[in-house]
Amino acid sequence: MSGRPRPVAALVAANLRRLTRDRVGLFFMVIMPFVSIAFVGMALGGGTAGSDRLPVGVVAEGAEGSDPVTTAVLAELRRHPDLTVIPMDDAADLRSGVREGSLAAGLVVPSGSTRLELVMTGTNGSGMAARGAVDVSVSRVAAVLEATRAATVAGATETEAAEYVRQAQAEAGRVSVNDSATTGGDPRGFAYTAPANLLLFTFINSMAVAAALVESRRLGMLQRALTAPVRQRSVLFGEAVSRFLVAAAQAVLIMVVSSLAFGVSWGDPLAVAVVVGVFSLVATGAAILVGTLLRSPDQAPAIGPPLGVVLGMLGGCLWPREASGEVINAIGHAFPHAWGMDALLTLTRPGTGLGAVLTEVAVLAGMAVLLLGGSLILFDRRTRVT
Amino acid sequence: MTATLACEGLRKRYGDVTAVEDVGFSIAPGQAYGLLGPNGAGKTTTISMLVGLLRPDAGTVLVGGTDLAADPRRAKARIGYVPQEIALYPELTGRENLRFFGRLFGLARRGLAGRIEEVLDLIGLSDRADGRLDTYSGGMRRRINIGAALLHRPDVLILDEPTVGVDPQSRKAILDGLELLVGDGMSLLYTSHYMEEVERVCDRVAIIDHGRIIAEGTRRELIAMVGSADKIELVLDGDVEAAYAKLRTVEGVIEAARTGAESVRLIAEGGRYLLPALISAVEGSATVTATQVIEPDLEATFLHLTGTSLRD
């Protein structure tokens, strides 16, 4: 009859089973994240990483083909991997396009002059990214013009000068292939909303299940469990593992479904697992903290999810971060979501791994230690035999 | 013989307030022991110290000879504790709740399902075991609450007011079940403020008030503390004054009082056997139309000792 007491297994099994009986909770875990990923993702331009080019309107006053500056600038802009060039006739249309947000930026190229006019509004992320890309393209043209002038001054004919510069460009082009990745800003579409909603829902649903912990306390389940021949820390550990498994299961579900249904590529599996793992620990700590501090189980759904939504907003989980100002994004970095977004978005770029997100992982791990440690100490005090 | 559960000199204070002071008793194997006291007397505090949920400021608890403070896990493994509130998961079925406690108490995986079945049978809920707890009646929840403490075959079952808010039918089922368990040799510590339950279930009773045990013994011993005299209420028809005078002289009557125009109260030894003599004594003056004999009980002892009714 007698075996070893299995408090952790008992608590985990009971808590997970309780979760499966909560239909509203399951709806928020299993259906809502994908509704959110799909709708917000489509609103943000659908698609995955490939289609995240920034629209840049160009008014060319000189004819392409005859005016050398116009020709060169347009060619460079078209060659830039992050930009889509939209030719426009009228500078006024261009300005209103930028103002309305249908264009990330605009460029007016006057005939026979090198004084280009950049049109952009405010300091949002798309505008900054587009400006960076336009700057790169224009400075390449400037470099070509300057090199051609230098070659001509040095005694070359125009044809020879053009040939030298073409050669030099070909060499430089090989070197500068990779810089596109650093100027592109955040990805758009599902590639953005999938990680955003992973963090949002992992956190919100962790907070919602904190209600079950409050309920356990209110019912006297934890006290009763402590009358069994078990250590108190096993009971704490069992409760913590239960919450962590829920958070991790939520994250895995979102990753699997978004990969299969929306074609989202998450990046290096190990690095993603580490980031999602530490984020789940943060969510677990927050859930235990809320579950320990609140008195009534009804308070948890009233306080937890709204808190999760606010932190999600600050961290860029509800809308693209580039739509928020720098102040909001800076405040957001006081909370785990922004760091999680930084890490997950970095990992979606090809060739990145754990090494690229060490800072984010360290910050999240620090938050996890603080929250988990603090909440477990508090939880311990409230359940300890006195 | 080693006591199944023994405590000595238990004390618990909260600041200046003394919740429990110098509480001690001993429960033999197979004995049903009652802890009787009004609300706030210190029953729950005492029990919390016995099951290891509260650390006593002083005193010891021995479970089957094992010191609870020194080896809590070994001591706790022998106790089955039924808290006053229903401490069960409402979203889970009765069977799932029992499985939770089975794992918690370390029942071997192989025997767990069978033992759950046995306990369900014992508490009479085999046919409702797979319904969610929040669909159960109050009495059914109480029974699962007790069943959860029985899975690991404890040596002593500790019940803190197990019939509060239970319908009469479930109460009877619970008390019948407890008597069966005691009959099978389990020790019982039963607290209640329902006198008749304690009188029915327990062999030995301690009366606790203001944190102290003020009397302890078998039911008979406790009742004897207030004497063996019975109270007899008579309703008379006829010349009540003359009849009253005659009744006072009947042998065995200790005291008599007029309690109304037609009623008399007597205090007498062996009241039940005195009735024929009383009825014939009043012949000629009046006739007895109603009688009531009230024998002393724990309630009387309790009132005598504490000066308060149990259900204050």
Side-chain angles (χ1 to χ4, degrees), chain A residues 1-26 208-209 211-239 241-242 246 296-298 380-386, chain B residues 12 14 47-57 63 66 68-69 71-93 96-97 99-112 114-115 132-134 145 148-149 151-154 158 160:
Chain A
M1 171 55 65
S2 69
R4 277 162 46 85
R6 306 188 294 281
V8 178
L11 283 163
V12 168
N15 280 324
L16 294 186
R17 186 150 283 169
R18 291 168 75 198
L19 188 68
T20 65
R21 302 278 155 82
D22 175 9
R23 299 212 174 144
V24 177
L26 281 183
V209 297
L213 184 58
V214 186
E215 178 82 352
S216 291
R217 278 176 42 224
R218 193 186 62 82
L219 290 169
M221 285 310 286
L222 296 176
Q223 289 287 301
R224 190 170 189 182
L226 291 174
T227 65
V230 297
R231 292 177 197 278
Q232 192 218 8
R233 61 171 174 267
S234 308
V235 173
L236 300 191
F237 187 64
E239 286 291 346
V241 170
S242 305
V246 172
S296 145
D298 298 335
D380 173 74
R381 284 210 189 136
R382 299 239 167 152
T383 52
R384 187 188 302 178
V385 175
T386 51
Chain B
K12 188 71 187 175
Y14 297 101
I47 283 191
S48 297
M49 289 191 278
L50 296 177
V51 300
L53 284 180
L54 268 183
R55 191 169 293 138
D57 298 333
V63 187
T66 304
L68 179 70
D71 192 352
R73 278 182 289 153
R74 190 160 159 218
K76 285 177 181 180
R78 295 166 173 243
I79 298 176
Y81 165 57
V82 182
Q84 193 170 340
E85 323 76 41
I86 309 278
L88 299 167
Y89 291 121
E91 310 92 333
L92 300 187
T93 66
E96 286 163 350
N97 269 293
R99 195 177 297 140
F100 169 75
F101 284 100
R103 288 181 175 134
L104 205 59
F105 277 89
L107 267 69
R109 280 183 183 80
R110 208 176 300 158
L112 182 57
R115 179 62 187 153
R132 277 171 59 143
L133 206 83
D134 49 15
N145 207 33
L151 285 162
H152 61 293
R153 301 179 201 277
I158 299 181
D160 191 1

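Chain identifiers are assigned alphabetically (A, B, ...) following the order of the sequence lines, protein sequences preceding nucleic acid strands; residue numbering begins at 1 within each chain.
Environment of CZ in R382(A): crowded, with over 12 heavy atoms of neighbouring residues, nucleotides or ligands closer than 6.0 Å.
Atoms OG1 and CG, on T227(A) and L50(B) in that order, are 12.5 Å from each other to the nearest 0.5 Å. The line from CZ of R21(A) to OH of Y89(B) is 13.0 Å long, rounded to the nearest 0.5 Å. Going from atom CZ of R17(A) over to atom CG of N97(B) covers 11.0 Å, rounded to the nearest 0.5 Å.
Heavy-atom pairs under 4.5 Å with chain A were tallied for R74(B), E96(B), K12(B); the largest tally goes to E96(B). Comparing R109(B), E85(B), R99(B) by how many heavy-atom pairs each has under 4.5 Å with chain A, the most go to R109(B). Note: A87(B) leads A75(B), A148(B), A87(B) in heavy-atom pairs under 4.5 Å with chain A. Ranking R110(B), R73(B), R78(B) against chain A, the residue ahead of the rest is R73(B), based on heavy-atom pairs under 4.5 Å. Of all the listed residues (A225(A), P7(A), A10(A)), the one sharing the greatest number of non-hydrogen pairs under 4.5 Å with chain B is A10(A).
Contact of R218(A) with chain B is not made at all, since no heavy-atom distance falls under 4.5 Å. Using a 4.5 Å cut-off between heavy atoms, R132(B) touches chain A through its side chain atoms alone. Proximity to chain A is absent for every atom of D57(B), based on heavy atoms less than 4.5 angstrom apart. Residue L222(A): no heavy atom, backbone or side chain, is found under 4.5 Å from chain B. For I79(B), no part lies under 4.5 angstrom from a heavy atom of chain A.
Pairing each heavy atom of V82(B) with each of R224(A), the nearest pair is CA-NH2, 4.2 Å. Heavy atoms only, all atoms of each residue included: A14(A) and F100(B) are closest at CB-CD1, 3.7 Å. When all heavy atoms of L88(B) and M221(A) are compared, the closest pair comes out as N-SD, 3.2 Å.
Proximity of P90(B) to E215(A): side-chain heavy atoms (C-beta onward) are separated by under 4.5 Å at one or more points. A heavy-atom distance below 4.5 Å is not found between the side chains of L19(A) and E91(B). Counting heavy atoms from C-beta outward, V51(B) and Q223(A) have side chains that stay 4.5 Å or more apart.
Under a 3.5 Å cut-off, the side chain of R103(B) and the backbone N or O of V8(A) do not form any donor-acceptor pair.
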